[in-house]
Amino acid sequence: MGDLPVNPLVLIGVGSSFAFSGLFYHLYKGKKEELKKLKEIPIFKPDQHLVKVLKASPHRRLQYVAVEGLVQADGESLASQFVPRCYGVIQKIAVEEQWKFWNSLTKTWNSRTINRKETSNSVPFSLVSPGAFINDLYVKVQNPLEASGCYLDRVYFKRSRAEKGLADMVMNGILGEEPVAMEVSEELLRVGSTLTGYGEVVLEGGQVMRLQAPQDGRKFILVPTDHRSFMDGHEKSASMWKMLSAVTGITGAAILTKVICGLVGNQDGKSKKA
């Protein structure tokens with residue numbers, strides 16, 4: 001078989017196709033399993049139905065549920081430092097410097113972020129149903145900064161180029177380091193935005209409800225969208241991995257079939273000549 005005309009790159013392509021197909025299928029199975037667990041989580045809104053379920057539950061608590069509502073500050077909200085008439089309940093402001101450093105081994109400049117400073121502020125807030133009034137039912141969100149999830153919206157970003165004089169340029173050239181830019185960004189969990197929280201819900205007394213980190217070790221998650229959109233995103237992700245697994249698998253099988261057909265054809269040709 002050593003004299004058969006099989007391009008090593010073709011064999012590498014076949015192997016890579018099947019390897020990627022297996023990887024994508026593994027990711028698809030993992031996403032489907034995650035989706036199955038998410039579908040088992042009860043979904044509620046801050047309404048009378050949730051109060052009734054809590055009153056009928058042991059210790060007036062639900063260990064792990066999803067609560068969807070609109071963000072409402074319990075008192076005064078936080079005003080954006082850069083955007084007029086923009087308010088939130090959680091605020092993060094980050095300031096960082098972009099520098100480049102000379103690498104004498106590779107003879108290239110490498111970028112690096114240094115002196116990053118981040119400040120966080122928050123005020124108590126709750127989730128309410130759309131169209132709710134001040135005295136309507138609401139679910140307090142306890143210790144939201146402990147929750148995981150990318151639930152903040154970037155409302156401001158500015159990149160300013162570093163100002164350098166002649167003396168600075170000479171000194172930077174000698175030291176092999178040079179400031180490039182200063183970046184400032186602000187993120188907010190905005191008042192009135194839709195938020196879905198996954199965690200434990202407790203009825204504190206009367207009709208006051210609280211969403212908090214679960215005591216059974218499961219993740220406390222805040223998602224900056226409604227529950228249906230969150231589930232649709234997971235469905236699309238699972239479908240994407242499934243499609244990629246099928247495409248790469250079919251591609252590998254097609255290439256392999258073509259290679260085998262070519263080898264068989266060559267062998268038949270040699271047999272006839274013999």
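All residue numbers refer to positions in the sequence shown, counting from 1. These values consider heavy atoms only, across backbone and side chains, with no hydrogens, waters or symmetry-generated copies.
For Ser16 (side chain) and Ile12 (main-chain N/O), a donor-acceptor pair under 3.5 Å exists by modelled atom type. The closest donor-acceptor contact from the side chain of Tyr25 to the backbone of Gly249 lies at 3.5 Å or more, if one exists at all. Checking side-chain atoms of Ser122 against main-chain N and O of Val89 turns up no donor-acceptor pair under 3.5 Å.
Salt-bridge formation is detected for the pair Glu235/Lys39: a Lys NZ or Arg NE/NH1/NH2 atom is positioned less than 4.0 Å from an Asp or Glu carboxylate oxygen. Using a 4.0 Å cut-off between a side-chain N of Lys or Arg and a carboxylate O of Asp or Glu, Lys45 and Asp47 do not qualify as a salt bridge. The pair Glu187-Lys92 does not meet the salt-bridge criterion, since no charged nitrogen lies less than 4.0 angstrom from a carboxylate oxygen. A salt bridge links Glu34 to Lys31: at least one charged side-chain nitrogen sits closer than 4.0 Å to a carboxylate oxygen.
Screening Leu152, Ile93, Asp153 for a side-chain contact (heavy atoms from CB on, under 4.5 Å) with Glu186, the sole residue that qualifies is Ile93.
Counting heavy atoms from C-beta outward, Phe24 and Val247 have side chains that stay 4.5 Å or more apart. Arg61 places a side-chain heavy atom less than 4.5 Å from the side chain of Gln215. Side-chain contact check for Val202 versus Arg60: every heavy-atom pair is 4.5 Å or farther apart. Contact of the Phe157 side chain with the Glu183 side chain is registered, since non-hydrogen atoms from C-beta on lie closer than 4.5 Å. Side chains of Gln48 and Gln207 form a contact here, defined as non-hydrogen atoms less than 4.5 Å apart. Residues Lys37 and Glu33 meet the side-chain proximity criterion, which asks for heavy atoms closer than 4.5 Å.
No chain of hydrophobic side-chain contacts below 4.5 Å, direct or via other Ile, Leu, Val, Met, Phe, Trp or Tyr residues, connects Val139 to Val208. Following chains of ILVMFWY side-chain contacts shorter than 4.5 Å, one can reach Leu137 starting from Val141, so the two form part of one hydrophobic cluster. Note: the hydrophobic cluster containing Ile221 does not contain Val71 (ILVMFWY, side chain heavy atoms under 4.5 Å, direct or indirect links). When hydrophobic clusters are built by joining Ile, Leu, Val, Met, Phe, Trp and Tyr residues whose side-chain heavy atoms come closer than 4.5 Å, directly or via intermediates, Val191 is not grouped with Leu188. Hydrophobic clustering of Ile, Leu, Val, Met, Phe, Trp and Tyr side chains at less than 4.5 Å, counting indirect connections, unites Leu127 with Leu222.
A pairwise comparison of heavy atoms in Ser245 and Thr248 identifies O-OG1, 3.2 Å as the closest pair. Between Ser80 and Gln91, the shortest heavy-atom distance links the atoms CA-NE2, 4.0 Å. Nearest heavy atom pair, residue Val201 against residue Val67, reads CG2-CG2, 3.6 Å. Heavy atoms only, all atoms of each residue included: Val83 and Tyr156 are closest at CG2-CB, 4.3 Å. Thr251 approaches Ser17 most closely through the heavy-atom pair CG2-OG, 4.2 Å. Closest heavy-atom contact between Leu195 and Val223: CD1-O, 3.3 Å.
Side-chain atoms of Ser229 and Asp232 form no donor-acceptor pair, as typed in the model, at a separation below 3.5 Å.
With sequence neighbours excluded, the residues forming a ring-ring contact (aromatic ring centres under 6.0 Å, His included) with His234 are Phe230, listed by chain and number. For Gln142, the side chain to side chain contact (heavy atoms under 4.5 Å, CB included) test picks out Arg210, Gln212, with sequence neighbours left out. For Tyr87, the ring-ring contact (aromatic ring centres under 6.0 Å, His included) criterion is met by no residue, not counting sequence neighbours.
Rounding to the nearest 0.5 angstrom, the gap separating the CG atom in Leu211 from the CZ atom in Phe44 is 12.5 Å. Taking CZ from Arg112 and CD from Gln98, the interatomic distance works out to 11.5 Å, rounded to the nearest 0.5 Å. Separating the CG atom in Leu54 from the NE2 atom in His59 is a distance of 13.5 Å, to the nearest 0.5 Å. Here the OH atom belonging to Tyr28 is positioned 13.0 Å from the CE atom belonging to Met240, to the nearest 0.5 angstrom. Atoms OG and CD, from Ser185 and Glu118 in turn, are 8.0 Å apart once rounded to the nearest 0.5 Å. Annotation: the span from Ser126 atom OG to Leu70 atom CG amounts to 12.0 Å, rounded to 0.5 Å.
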- Query: Step by step, would you call Trp99 with Glu97 a side chain to side chain contact (heavy atoms under 4.5 Å, CB included)?
  - Reply: CA-CA 6 Å; Trp99 283 64; Glu97 298 177 18; 2.8 Å; yes

Trace of the side chain to side chain contact (heavy atoms under 4.5 Å, CB included) decision for Arg161 with Val180: CA-CA 6 Å; Arg161 297 190 63 177; Val180 178; over 6 Å; no

Side chain to side chain contact (heavy atoms under 4.5 Å, CB included) between Leu62 and Glu200, worked out
CA-CA 6 Å; Leu62 297 172; Glu200 182 179 78; over 6 Å; no

Are Arg116 and Val95 close enough, and set up right, to give a side chain to side chain contact (heavy atoms under 4.5 Å, CB included), and what steps lead you there?
CA-CA 6 Å; Arg116 178 181 174 85; Val95 180; over 6 Å; no

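For CZ of Phe20, the number of neighbouring non-hydrogen atoms (other residues, nucleotides, ligands) closer than 6.0 Å is 12 at most.
In this pair, Tyr198 and His227 present their aromatic rings tilted. The plane angle is within the 30 to 60° band.
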